[in-house]
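Chain letters run A, B, ... following the sequence lines, proteins first and then strands; every chain starts at 1. Side-chain atoms are counted along with the backbone in the values below, which use heavy atoms only and exclude waters and symmetry mates.
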There are 2 protein chains.
Amino acid sequence: MPRGNGLGPPWWHGRFRGCGYKITLGREAILNALIKADQHLSAEDIYQKVHTTYPAIGLTTVYRTLEILVNMGLVFKFDFGDGRARYELVEGSKKSHHHHHLVCTNCKRVIDYTDFVDDEIGLLKKTEKGLSKKYSFEITNHVIQFYGLCGQCKNTK
Amino acid sequence: MPRGNGLGPPWWHGRFRGCGYKITLGREAILNALIKADQHLSAEDIYQKVHTTYPAIGLTTVYRTLEILVNMGLVFKFDFGDGRARYELVEGSKKSHHHHHLVCTNCKRVIDYTDFVDDEIGLLKKTEKGLSKKYSFEITNHVIQFYGLCGQCKNTK
DNA sequence: TTTGTAAATGGAAACCATTTTCAATAAGGA
DNA sequence: TCCTTATTGAAAATGGTTTCCATTTACAAA
Ligand SMILES: [Mn+2]
Ligand SMILES: [Mn+2]
Ligand SMILES: [Zn+2]
Ligand SMILES: [Zn+2]
């Protein structure tokens, strides 16, 4: 559950300053857009949303801020294969939990799912251990995505 | 094991014609580049290779042919996060088996691995069944990739 | 073999998400 | 309030991929 429900300063200010970054209106607005979002936003999506309440924002700043957030580990960056990156607040920053994605190759819809995630985590742990030993490869991240047709697109075909 | 070891026409000619495509020198050269390759090639990589034996080739044709091959299911298209797509002959077209990838985020090296693939397949089957039922999502493809530091880059840090 | 026709081709231009450049601005410690 | 330096936005650059279009080619039919 996020703190800062209208009372003190937003929960991420401390972490932001701790990394030596300044708090600016643009960054504030971008974070809020990500916090309010219930979907996976592109840089352009975020730019549009922020632009309505803070017209001075530049797309460049959106890209730069997102890069910082990704490097700080506050935001995930995804590639769903449509040529533009998508951004999503990391679990713990929101109500969300660890999840993976179903991507419809037809309508580009993306479904979050948490089913079987425990099983997946178990396998991943085991795999990571084995692979890091065999290839002395240090795994820091993983991607699991399913591609196919969503219910609606399946029926339309 | 691929057929056509110097005797009849290449194994993929039939499938190609079956889809209504014509056999051309360019397509022949591109397929051969993929067959001979032991790594994951970008469009530019393929263009360079083909260009040495068939200078008339155009990069455009490489892209067009790759798209056909991907749609026909003869070639996989991957995104390892470095801004350019990589292509790899599908299992069965070569000696290769079903495998997944370890991607070094530092040197961009990609390691094929088959370890734990059986376990993974088991989980995937289960997951696919559950997800297709719950979300009526028809899964046609999946991506499992691990990101991190390869042995060499780990030591250099 | 010759011919007809649609498919295929290459080069140049367009596309488009993202990055770089740079002069102006603003955050925040002193 | 003042100073320093990070941050910013606009415009230009970048670079992989796609589109355009006039020319060439594969190959089936004659
Ligand atoms: Mn998600
Ligand atoms: Mn591979
Ligand atoms: Zn769909
Ligand atoms: Zn490496």
Just the rounded figure in Å: distance from [atom2] of [N] to [atom1] of [X].
X       : N      : atom1 : atom2 : value
A/Phe16 : D/dA6  : CZ    : P     : 15 Å
B/Lys77 : D/dG16 : NZ    : P     : 14 Å
B/Arg84 : D/dT17 : CZ    : P     : 7 Å
B/Arg64 : C/dG11 : CZ    : C1'   : 10 Å
B/Ile68 : D/dT17 : CD1   : C1'   : 16 Å
B/Leu66 : D/dT17 : CG    : C1'   : 12 Å
A/Leu41 : C/dT18 : CG    : P     : 13 Å
A/Leu59 : C/dT18 : CG    : P     : 9 Å

Checklist entry - If you pin B/Glu44 and A/Tyr47 to their nearest nucleotides in DNA chain D, which one's is more 5'? => result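 In this pair, the answer is A/Tyr47.
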Would you tabulate the pairs of protein nitrogen or oxygen atoms and nucleotide nitrogen or oxygen atoms of nucleotides 27-30 of chain D closer than 3.5 angstrom?
from   : atom 1 : to      : atom 2 : distance (Å)
D/dC27 : OP1    : B/Arg17 : NH1    : 3.0
D/dC27 : OP1    : B/Ile23 : N      : 2.9

Checklist entry - Would A/Asp115 and B/Tyr135 satisfy side-chain hydrogen bond (donor to acceptor under 3.5 Å, both in side chains), going step by step from the backbone distance to the final call? => result CA-CA 11 Å; A/Asp115 314 75; B/Tyr135 300 99; 3.0 Å; yes
Let me check something: any side-chain donor-acceptor pairs from residues 12-24 of chain A under 3.5 Å, sequence neighbours excluded? List them with distances.
from    : atom 1 : to      : atom 2 : distance (Å)
A/His13 : NE2    : A/Glu28 : OE2    : 2.8
A/Arg15 : NH2    : A/Met72 : O      : 2.8
A/Thr24 : OG1    : A/Arg27 : N      : 3.2

Checklist entry - Relative to each other, are the rings of A/His100 and A/Tyr113 parallel, tilted or perpendicular (30° and 60° limits)? => result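 Rings of A/His100 and A/Tyr113: perpendicular, as their planes differ by over 60°.
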Item to check | Worked check of side-chain hydrogen bond (donor to acceptor under 3.5 Å, both in side chains) between B/Glu88 and B/His99 | outcome: CA-CA 11 Å; B/Glu88 181 179 38; B/His99 63 272; 3.0 Å; yes
Checklist entry - How is A/Leu25 classified with respect to the nucleic acid when contacts are heavy atoms under 4.0 Å: base, sugar-phosphate, or nothing? => result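 The residue A/Leu25 makes no contact with any strand.
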Checklist entry - Contact class for A/Arg27 vs. all strands (heavy atom < 4.0 Å): base, sugar-phosphate, or nothing? => result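 Sugar-phosphate, backbone atoms only, no base.
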Checklist entry - With nearest nucleotides of DNA chain C determined for A/Tyr63 and B/Val62 from heavy-atom distances, which residue corresponds to the more 5′ nucleotide? => result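 In this pair, the answer is B/Val62.
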Checklist entry - What's the closest nucleotide to the B/Thr60 side chain, out of D/dA11, D/dC20, D/dT17? => result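 The answer is D/dC20.
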Checklist entry - In chain order, what residues pass the ring pair (Phe, Tyr, Trp, His ring centres under 6.0 Å) check against A/Phe78, with sequence neighbours excluded? => result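 A/Phe78 satisfies ring pair (Phe, Tyr, Trp, His ring centres under 6.0 Å) with A/Phe76, A/Phe80, A/His101 only.
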Next on the checklist: With a 3.5 Å distance limit and no angle check, can you tell me whether B/Asp45 reaches the backbone of B/Ser42 through a side-chain donor-acceptor pair?
Outcome noted: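 It does hold such a pair.
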Checklist entry - Would you say the side chain of B/Lys154 lies within less than 4.5 Å of the side chain of A/Ser136, judging by non-hydrogen atoms? => result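 When only atoms from C-beta onward are counted, B/Lys154 and A/Ser136 do touch, with a gap below 4.5 Å.
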